[in-house]
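Contents: one structure, followed by commentary.
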Amino acid sequence: GVISLGVSATVSVVVFLGLLQWPGRRWRVLQAMDDWIFSSDYVHGRRPDLEARLDRFADRLIACAHDPSLDAIVTSGHSMGAPLAIDIVARALARAAPPCRRCV
């Protein structure tokens, strides 16, 4: 009972760690786990440093919208960057003064 449970747990941990080292590097399992953790923290608002950075980016976007030398502003994002780009535009729209709202 207890011995077989201990052996099973030990074998499971060794197999898991072995798979992380061999195919896990090739399949970027650790990178996927990091992305998942980051995404979870972002969605649940557990990253005040990220919130501050997104706010600064939104302020920069508003400043660019007031620049008369610019014809257009393009925001782009890939993978997790796509929702971040949408969030930045939404923050800029929420903060922008009414005359500039149509610019952002």
Side-chain angles (χ1 to χ4, degrees):
V2 174
I3 293 174
S4 66
L5 180 64
V7 170
S8 297
T10 303
V11 168
S12 298
V13 168
V14 168
V15 168
F16 175 75
L17 293 175
L19 288 174
L20 275 181
Q21 291 302 314
W22 173 56
R25 287 181 194 247
R26 192 170 110 201
W27 295 339
R28 299 182 176 207
V29 172
L30 293 177
Q31 183 179 1
M33 288 178 168
D34 288 342
D35 190 40
W36 179 74
I37 292 168
F38 171 80
S39 301
S40 177
D41 287 347
Y42 166 67
V43 168
H44 296 290
R46 294 186 291 238
R47 294 285 307 265
D49 59 326
L50 178 64
E51 296 295 323
R53 181 175 274 188
L54 294 176
D55 288 338
R56 285 194 311 269
F57 200 136
D59 291 340
R60 176 75 178 128
L61 188 62
I62 293 169
C64 289
H66 285 97
D67 186 349
S69 67
L70 298 177
D71 291 333
I73 299 172
V74 177
T75 59
S76 168
H78 169 70
S79 189
M80 187 56 198
L84 293 176
I86 293 169
D87 188 12
I88 290 166
V89 172
R91 288 172 191 237
L93 286 171
R95 292 177 173 190
C100 186
R101 287 184 66 116
R102 70 171 201 267
C103 301
V104 176

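The structure presented is a predicted model; accordingly, all values stated were derived computationally and were not measured. Worth knowing before you read on, the calculation uses all heavy atoms, side chains too, and leaves out hydrogens, waters and symmetry mates.
Val14 and Leu5 fall into different hydrophobic clusters, defined by Ile, Leu, Val, Met, Phe, Trp and Tyr side-chain heavy atoms under 4.5 Å apart, directly or through other members. Met33 is connected to Leu17 through a chain of hydrophobic side-chain contacts under 4.5 Å among Ile, Leu, Val, Met, Phe, Trp and Tyr, so both are in one cluster. Hydrophobic clustering (side-chain heavy atoms under 4.5 Å, transitive across Ile, Leu, Val, Met, Phe, Trp, Tyr) groups Leu54 together with Met80. Cluster membership check: Val13 shares its hydrophobic cluster with Phe16, using side-chain heavy-atom separations under 4.5 Å among Ile, Leu, Val, Met, Phe, Trp and Tyr. Residues Ile37 and Leu30 do not share a hydrophobic cluster, defined by chaining ILVMFWY side chains whose heavy atoms lie under 4.5 Å apart.
Counting non-hydrogen atoms of other residues, nucleotides and ligands closer than 6.0 Å to OH of Tyr42 gives a total above 12. Atom CG of Leu70 has more than 12 heavy atoms from other residues, nucleotides or ligands within 6.0 Å.
The heavy-atom pair separating Leu61 from Ala92 by the smallest distance is CD2-CB, 3.7 Å. Minimum heavy-atom separation, Ile88 to Ala58: O-CB, 3.8 Å. Considering every non-hydrogen atom in both Pro23 and Gly18, the closest pair reads CD-O, 4.2 Å.
The salt bridge (charged side-chain N to carboxylate O under 4.0 Å, His left out) contacts involving residues 67-93 comprise Glu51-Arg91, Asp55-Arg91, Asp87-Arg91, where partners must be two or more places apart or lie in separate chains.
Between the CG atom in Leu84 and the OG1 atom in Thr75 there is a gap of 11.0 Å [rounded to 0.5 Å]. Here Arg46 contributes atom CZ and Phe38 contributes atom CZ; the two are 12.0 Å apart, rounded to the nearest 0.5 Å.
Asp35 pairs by the side-chain hydrogen bond (donor to acceptor under 3.5 Å, both in side chains) definition with nothing, not counting sequence neighbours.
At distances below 3.5 Å, not a single donor-acceptor pair connects side-chain atoms of Ser40 with backbone N or O atoms of Trp36.
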